[in-house]
Every structure is written in C-alpha cells, then in structure tokens.
Amino acid sequence: MIKNLLVALPLTLALAAPSLAQEFPDRAMRIVHGFGAGGNADTVSRIMGEAISTNLGEPVVVESRPGAGGTVASGYVAGEDPDGYTLQLMVGGHAVAAGLYNELPYDSVNDFTFLSTIGQFPFFVAARAGEYESIDAVIEAALADPGSIVIGHSGVGSTQHLTGELLGLQTGADFIHVPYKGGAAASTALMGGEVNLIIDTGTVISGQAEAGVYDILAVTSADRWPDAPDVPTLNETVAPGFDVVSWTALGAPAGVPDDIVAILSGAISDALAQPDVRERIAALGANPGASTGAELQALVERQIAVWSEVIETAGIERR
Amino acid sequence: MIDQFLLGLSVVMQPQILMYAFIGVFIGQLIGVLPGIGAITAISLLLPVTFYLDATTSMIILAGIYYGSQYGGSIASILLNLPGTPSSVVTCLEGYPLSQDNRAGLALFVAAFSSFVGGMIGVAILVLAAIPMTLIALRFGAPEYAMLVILGLLAASLIGTGSQLRSFAMVVLGIALGLVGADQTTGYYRFVAMPELADGISLVSLAMGLFGVSEIIRNAANKRPSGPALSIRMRDVIPTRKQARSLVFPILRGSGFGSFFGALPGTGAAIASFMAYAMEKRFSRTPEKFGTGHLPGLAAPESANNAAAQTGFIPTLTLGIPGDAVMALIIGALILNGIIPGPRLMVDQPELFWGVIASFFVGNIILLLINVPLIRLWVLLLRIPYQKLYPVIIVMICVGVYSHRTSVTDVVLTLAFGVLGYLMKNYRFEPAPVLLGFVLGPLLEDNFRRAMLIYRGDFTIFLTRPISAILVTCSVALVVFAIWSSISARRKTVRPPS
C-alpha cells in the first residue's frame, strides 16, 4: 500500500504539472461576486455558473462576498490564486469604484485577468406619465428654475447616480439628487410623486412603462436601444456625446495562464450562444454578448476615466 | 374580488401546485427554525430550481419559504431565545420566559395559532383591499417614514421592563451601532474600522449575539446540568378557555398593526411587531406581567409579523415594487420567467396573481396543520442536555451568520455581541431596545435627511403633509399620555386613599 503510494505520488505530480490545461477543470470552480444573495449580480452568476458547469463538466459554486460596493469581493479575488478556478462576476461598479474609493487594496485593471463581457445594458430616464412631454422639456424646466427637478437614484456612488450627475454636468441643469436604498425604493418615490425623475435599468422601469404609469423619456446609450427603438437617446436630444452603458462580465485574478483563459473564454462564449441563457440574460434587461478579454479591459479602462472625472467634477465624497 | 380569489383557489388546488406550496412552506419552516439562516439564503439557493418551473409555481414555492420561515422563526425564539429576524426579537421577550417556565408547548401553540390568524387576516386584506392599501402606501414619502419611525421609537421606549433611563441608553447604543458603515446620504464612511464593516454591522450578528449567544454563556456560567423537566401532554399545550379569551383582542390588534405596516415597503414587519407589543403593554391592565411570559405579549406581535408577511406582498404584486430583499428575489424569479412585474400583473396574469394569493391561504392552513403536531417534537428538543445542545447551536449560529455575507468578521462580531449581551444582562440592561435602535435609527436618519434634501430644509413639511401630521399628533398624544399617567400615578402614591 505505502509502496504503491510512494510510486504514485511523484507520478501524479509529474503528470499534473505540464498538462494543467488539458485537465482543466478537474474540480469545482467558483464565481465570486460582491453583492447580496439574490441581487442581479447573484442571478447572473448563477445563470452563467450553471451554463459553464454544463459546458466544462465540473460544478460551479456561486459565492457572495458583499461589501463596500463590491470592492470587498474584488479585493478578495485579486488576492486569490490565478489558477482559473476562481472567477469574479464584475459589474459596471468595478469601474466606478476605481474613482470612488481612496485606498482600494487592489488595482482595478492590473490585478485582474479580464475574460469576457456577459451583457450590456443602458439606463432609461423615466418620469410619471404625462408630467413631461419630452426630455427636452425636463432640461428646459431645470434650466429655468435651478433645483426644481429632483432625481431619485439607487444609492450614492451607484452608476445610476453618476449617470444623473453626468447629465447635469453636460446640460448645465442643476438637479437635486436624492439617494434611496436601491432602484425599487427610488421607483416607489417616483410613483408617489416625491421625485420627478429616475434613471435606472429596464427591469426597474419597463413594467411601469408598459402599464402606462411612467413615460420613458430617454435612453443613456449613444445609439437607440434595439429593445426600445422608439425611445430617443440623450445623445440625439439634450446631451450630444452622451453614452452610458453598464455591463456584467467575468474576470479572474491577474496571471491566469493563456491556455486556461482560452478554455474559460470558450465556455463563456458557448454559454452566451445558448438560446435559454441568452433569454435569461435578456430578461434581466441586458443585451447578451461575449467579448474578448482585451475588449473588456478597454471598456473598463474607458469607464474608469469617465467616472473618475464625474466624481471629481460633481464633488462626490470619495471614501 | 371573491370570484377572482376562487379562480386562484382552483389554480392552487391542482395536486402538483399544492405539492409545491407544501414544499415551500415546509422548507421555510425548517429554515426559520435553524438559527441565523434566513429566507434570503434559502430562496437564493433555490432560485436556479425555478428556472425549470413556470412563473406561478416559482412564486408559490418562494413565497411559501418566506412566510413559512416567519412561523419557523418564532420556534427558535421561544425555545432558545434565538431570534432569526428583527420581528421575532419581540417573540423572545415573552416566548422565552414561558419556555423557561416549562410552558414551551403552550407558547408554541399560541404562537402558531396567532401566526395563523394574523396570516389569514393578512390574506383577507390582500384579497379585499390590495388596491386601496397600495394607494395609502404610495402616500408614504420620506417625511411620513421619518415621523412613523419617531412614533415607533416613542411607543417602543415603553417596551423595556426595567428603568426608562436604562432602556433609553440601550436605544442610543443601538442607534450608534446602526451608524456603522457608509452614510446613505453622502456615502461617507462612519466608524468603518475595516472594509468588511463598510456596509454596516449585520443585523443577524447583533440579534444572534445579544439574545442567543449571551443566553448560552449565561446558562453555561450557571452550570445547570440540563433543561427543565418538560411536560408535553397535549392538555398543557392548549390554552385554557380563560387564556384563550384574553388573547382575542391582542391577536386582532396585532393583525391590524401587521396588515397596515406590512403594506409599507421597507421594514414594515419589524416596526409592526414592536408597535403591536408596545401597544399591548401600554394599554394592558397588568403591564407588570410583560417580560415574564405573558401570553397576550406573545400573541400580538406574532399575529402582527405574520399579517405583515402577507400584506408585504401588496406592493410587490400590485406595483411590482419589492418591499425588501426577499421580495426582490421573488420578483427576480418572475423576471427570469419573462414576466415583468408591474401594475399590469393583476390584469395580464390573473391566474398567477390570484393563484399566488390563494396559495397564501392554503399555505397558512398547511403551516398550522404541520405546526401543531410538531410542537411535541420541538419541546423534546429541550430535553437534550445543555452541554450537548449548546455546542451544536453555537456551530449552527456561526454557520448561519457566515452564510449571510460569507464574512468571518460577522462570525467574530456575533460572538463579541454574545459577550456584550451577557455583561448587559448581568448589569440589568435589556437587549431588545438595542435592536430597536439599530433597526429604526438609520431609517429615521435616512428619511429625515431625504425629506430635508427634497423639501430644501423646510421643517413645516412634517405638519403640512396630512399623513405626517397625523403621525406627529399620535406621537405628541403618546408623550402627553405617558406624562399624564406618570403624574397621576405619583399623585396616588403621594396621597394614599384615607
């Protein structure tokens, strides 16, 4: 018995080292995210985890490490082994955090291996039905009487909040930005008439819009959104050049070997080609689509620059 | 309304759907009993399962877990002083003394029955008055919430059984603990000693530590070899006719509070059960019995939090707006099924809408039916010697707390709060007001500052908005009443009747 083990051990080691990629994955993987169980990030992680697990034949465990706008999870992932078994579900907030936090324990770009986007989604600007004719009317009213338009948002430093600040900066309108605990609470405030506008995702807004409770005044993407072709963009109306699209993506700690990156990217793009996965991602309001790691990294770098400037100019407290 | 409810019943009565309703409430019940593991954890783990079920079934099973866990939560509170949710904190106050007094079976029965009545009244309100309740809930803006919390804090300052000053100090301690984390209005970090605290102290850590862990430390220090000898005869479980009669109005009042506050998005259930308890105590002829295992003090908050668990679905179903994290998850399951929740849900998906509501009706009956026979089993649990039971419970608490945020810090904090709670008990400070301050303090601050932001620092807003004005009036009346009754009490002692 012992003799057998002695023979087997070096053999195993010798076999394991060079052929890492052929055997990857040979045990459970996990997707870490920085938000609450059951939130959007959690749901997307579970959808992707299930698809990747089917594809690669090993279980994928979803691990929620919420805290400090997702930075607790990012810090944790940045310090894990880059063996491909620890993945991170990243959201647009990853780019925001780079500008919002004073002392992040990690570098938002260099400490990560970027794998692929999962989906991209714009925000919509909504008001109670019939209150404003168009987004132009809102901006006119805001310019005529500074401070008269109140925008409810889902939390200080959220992408929704910064998008509202950016709209104010680009149009010169002086909005009052009021924080709520999450998009649903802001939406309740809009319904109750406490705020004039909200800027949030399709999942928060479209149910009310379909019921005729809200008018969708504009979309934040540069081009009209395929699912809502009638909604004008901010870019074509009040704020030329306006382009805000948030995203979900998968990343890993920096230094994952190229052959493992290739396996993971392949599994992700296969998953995103499956109709049922696409359907679920789309149901969450996003346009599903894989990208290369380089494209994802470029997106993150671009958004870090934009949001850092908005945070600076709007005078938002850094943490 | 009734026709549609019958349509819903016909949906639920299909054997397969009935089975899912049963599975939902049963899992919820089990999850609720396990200390520290909440409905959120269970629902998020089960979410992928709902990919393979249709929308109605998904809703029924997930909702069942939610209100089933409310039933289960009171069991751990009564038997072991382990509140899993803020609303079951109040259950501990009377339930645990009853259990220590060898009347655990009675307490469990009263809790189950009050929960059942509360749940049913909540369902009735949901069927009959969902739309008007929605309209009222929508009129609650930041000023109303701020004033509601003040009323809640005032009412609950009467909760403590000891001195008012001590209980006030504990509320302040709770508020201070609630300040830890990012300030919601500016994002500024307050008392964030380590990044894990950026989102604040976990409520589960605080509640489990102050109540459960401290109790275990206290019993360990007492060196009591085992639990009390227990009676589990059915005769001792069912309340006497006289006891039952004393519970009718507390249950009805509790259900009323719960139904109303539950429909407000936010922390409705917790406020409702604290308020229900405080009101029972305030207007009781025997306030001194509260805290010693007084049945009305158990029945009122139990019916309140279960009524609130049902009416909590009002904003979720009528507006598509989740009142709390659990509701958000349930809405997530709908979205994944391709249904965008919103005001049109009732019209576009009547079978889903009414089927889910009817499942609450059926679910509450199932819960009562599985709860009463299980009482014997739960009470038997207390026969396990403490030295064998407690290590298991401590491990379960740690696992449960860890599962919430995957954070070791939370586990350490729970044990630290346990020590704090032990010291507090030794110096006769009560833990319930700490929890109350912890839950309500941040709610008051956020809403007050939000109101000031929206109305540009105009204080008169609290008096010019009608609902806010009513709440201010209630608060003032409560203070005046408290002063008046203490003065008249003093007169009585100063001038004894000749």
Side-chain angles (χ1 to χ4, degrees), chain A residues 32 36-40 42-43 46-47 49-50 62-69 71-73 75-76 100 105 147 150 152 155-157 176-182 184-185 187-189 191-195 202-203 206-213 276 279-280 283-285 316-319, chain B residues 40-41 43-45 47-48 51 137-142 181-189 192 195-199 265-266 315 319-323 325-333 335-345 347-348 403-407 446 450-451 453-454 456:
Chain A
V32 179
N40 231 341
D42 192 61
T43 311
R46 288 179 200 280
I47 294 169
E50 206 191 43
V62 174
E63 205 175 297
S64 156
R65 289 184 173 265
T71 59
V72 167
Y76 171 78
L100 194 60
V150 180
V156 174
I176 294 183
H177 302 273
V178 179
Y180 287 86
K181 265 202 171 129
S187 182
T188 315
M191 247 185 258
E194 189 165 84
V195 301
T203 45
S206 63
Q208 312 298 337
E210 275 167 31
V213 178
D276 56 332
E279 236 169 69
R280 283 181 203 136
L284 293 169
I316 295 168
E317 186 101 41
R318 287 166 62 100
R319 309 168 185 182
Chain B
I40 291 194
T41 317
I43 292 180
S44 58
L45 286 175
L47 204 56
F51 293 170
L138 276 182
R139 301 195 61 173
F140 268 74
D183 165 22
Q184 220 209 319
T185 313
T186 60
Y188 192 77
Y189 276 9
V192 178
E196 287 79 7
L197 288 180
D199 289 350
L319 299 175
I321 285 179
V326 180
M327 295 294 165
L329 268 175
I330 292 174
I331 283 191
I335 290 176
L336 285 173
N337 270 294
I339 292 173
I340 303 289
R344 290 202 56 80
L345 187 70
V347 185
D348 292 346
S403 77
H404 274 259
R405 309 202 285 199
T406 338
S407 156
D446 292 345
R450 194 177 289 141
L453 203 55
I454 294 170
R456 301 190 219 178

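A, B, ... follow the sequence lines: proteins, then strands. Residue 1 opens every chain. What you see is a predicted model, and the numbers here were worked out from it, not measured in a lab.
The candidate from A/Val178, A/Val72, A/Leu284 with the greatest count of non-hydrogen atom pairs under 4.5 Å with chain B is A/Val178. Of all the listed residues (B/Ala198, B/Ala137, B/Gly141), the one sharing the greatest number of non-hydrogen pairs under 4.5 Å with chain A is B/Gly141. Ranking A/Met191, A/Glu279, A/Arg318 against chain B, the residue ahead of the rest is A/Met191, based on heavy-atom pairs under 4.5 Å. Contacts with chain B were tallied for A/Gly192, A/Gly193, A/Gly285; A/Gly192 has the most, counting heavy-atom pairs under 4.5 Å. Of the listed residues B/Ile339, B/Asp348, B/Thr406, the one with more heavy-atom pairs under 4.5 angstrom with chain A than any other is B/Thr406.
Residue contact with chain A, scored on non-hydrogen atoms closer than 4.5 Å, is absent for B/Asp183. Only the side chain of A/Glu50 comes within less than 4.5 Å of a heavy atom of chain B; its backbone N, CA, C and O stay farther away. Proximity to chain B (any heavy atom under 4.5 Å) is shown, for A/Tyr76, by neither the backbone nor the side chain. Looking at B/Ala333, neither its backbone nor its side chain comes within 4.5 Å of chain A, counting heavy atoms on both sides. Contact of B/Leu453 with chain A is made through backbone and side chain together, with heavy-atom distances under 4.5 Å.
Between the side chain of A/Glu194 and the backbone N or O of B/Ala142, at least one donor-acceptor pair lies under 3.5 Å. B/Arg456 places a side-chain N or O within donor-acceptor distance of the main-chain N or O of A/Gly147, the cut-off being under 3.5 Å.
To the nearest 0.5 Å, atom NE2 of residue A/His177 and atom OG1 of residue B/Thr185 are 14.5 Å apart. Note that OG1 of A/Thr188 and CG of B/Leu319 are 7.5 Å apart. Values are rounded to the nearest 0.5 Å. With values rounded to the nearest 0.5 angstrom, A/Lys181 atom NZ is found 8.5 Å from B/Arg450 atom CZ.
Partners of A/Asp276 by side-chain hydrogen bond (donor to acceptor under 3.5 Å, both in side chains), not counting sequence neighbours: none found. With sequence neighbours excluded, the residues forming a side-chain hydrogen bond (donor to acceptor under 3.5 Å, both in side chains) with A/Thr203 are A/Thr201, listed by chain and number.
Here the side chains of A/Gln208 and B/Pro343 are in contact, with some heavy-atom distance below 4.5 Å.
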